[in-house]
Amino acid sequence: MAGPRTPSLVADVHSARDAALKSIADSSDTAGLRKVAAELANKKSPLNAVRAQLGKVADAEEKKAVGRALSEASQAIEEALATAQAALEAAEFAAQVANEKMDLTEYLTESRRGTAHIVTQAMEHLEDVFVGLGFQVAEGPEVETDFYNFEALNMPASHPARSEFDTMFIEPHSPNHQPNTVLLRTHTSPVQIRVMQSWKPPIYAIMPGRVFRRDTPDATHMPVFHQIEGLVVDKGITFAHLAGIIEAFTKAFFGSDFTSRLRPSFFPFTEPSAEFDIRRANGSWIELGGCGMVHPNVLRAGGIDPEEYTGFAFGFGIDRMAKERHAVDDIREMYTNDLRFLRQFT
Ligand code: PHE
């Protein structure tokens, strides 16, 4: 049996190999190729069937020839499988990329550039006006000490004016910390002291910034709001200079149909003190802030000799001015971060 069968065994290997290469070439995707590979690995595949008969080949030469044919066929099939696998994988990946491609370009019909918040706009406008009047801008920390917020401003411990400020104290976890000595500043006035300590007169400074009070939010109050402080220290400064600056500022900021007035008031850090109001074109008044001649004790706390220099200071709320300027009914609206509200003021 071995004699007449052996020549056709090499032929069987070749035809099995050709059939295998053809089904590999015919596979149109990796799933199909995986099926073909599984069939070729099956014990009953034509090539494996020949391999199973190899042991029965009696003729040594023939056995060698069939064995060589088998190993050449196996190698050719392995290579064809690997090449087809790589080609099909690449094609499938390219198809997936093309399929899942996203168009990330967007065509906007209207410009949507952001703008500064109305409080920031008011602050920048105020700075511009005062810089135009010859002032320089200074800033101080929002977390202050009792000394700068009260003591140096002529409000020693137990001064009754302190109770007008609903202060928020900070209690750092430090072994040396004295209770009720570190706080969120209740006004921008402490920056007056810091400026006096670090600049030499003549001083013409404005100091904008955030301030904090234990206030319940309502239509006209927020526990966090913004003030701008003014300080002038020079030789021969009088109350008339203060009134003149307030009037010049009012006209520059609100318009020439606005005027200002000063009403007697009290602040521990100014003497005499006044509230200042502005008058709208329609004749109604708005209360804006406080001002006065810098108290000699305050000049001394800032390291300035009150015999040689005099000065005035003022401070007012910025949020209220932004509210007034844009006719906002409820100040809380300004801080809800609702873009529909904020975009009205671009
Ligand atoms: N710091 C005062 C306040 O917050 C305002 C003020 C500033 C008054 C400067 C006089 C001088 O109410």
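One-based numbering, in listed order, for ligands and for the atoms of each.
Aromatic ring centres of Phe249 and Phe130: separated by under 6.0 Å.
Classified by interplanar angle (parallel below 30°, tilted 30° to 60°, perpendicular above 60°), the ring pair Tyr335/His226 is parallel.
Listed by number with element, the atoms of ligand 1 under 4.0 angstrom from any heavy atom of Cys291 are 8 (C), 10 (C), 11 (C).
Ligand 1 lies nowhere less than 4.0 angstrom from a heavy atom belonging to Met293. Ligand 1 is never approached by Phe316 to a heavy-atom distance shorter than 4.0 Å. Close to ligand 1: Ser189, with a non-hydrogen atom less than 4.0 angstrom away.
Considering backbone and side-chain atoms alike, Gln227 places an N or O below 3.5 Å from some N or O of ligand 1. Not one N or O of Thr186 is nearer than 3.5 Å to an N or O of ligand 1, by distance alone. Polar contact check, Gln192 against ligand 1: no nitrogen or oxygen pair lies under 3.5 Å apart. At under 3.5 Å, a nitrogen or oxygen of His187, whether backbone or side chain, sits near a nitrogen or oxygen of ligand 1.
The protein atom (non-hydrogen) at minimum distance from atom 2 (C) of ligand 1 is Phe269 CZ, 3.8 Å. Scanning all protein heavy atoms for the shortest distance to atom 5 (C) of ligand 1 gives Gly315 O, 4.0 Å. Here the heavy atom of the protein found nearest to atom 9 (C) of ligand 1 is Glu229 OE2, 3.3 Å.
Annotation: cation-pi geometry not satisfied between Arg279 and Phe254 (NZ/CZ under 6.0 angstrom from ring centroid, within 45° of ring axis). For the pair Arg280 and Trp285, the cation-pi criterion (under 6.0 Å, within 45° of the ring axis) is not fulfilled.
Of the possible donor and acceptor atoms, none in the side chain of His295 sits under 3.5 Å from a partner among the backbone N and O of Pro272.
Side-chain polar atoms of Gln96 and Glu92 form no donor-acceptor pair below 3.5 angstrom. A donor and an acceptor atom, one from each side chain of Asn48 and Ser45, are located under 3.5 Å apart.
Side-chain contact between Glu287 and Glu275 is present, with at least one heavy-atom pair separated by less than 4.5 Å.
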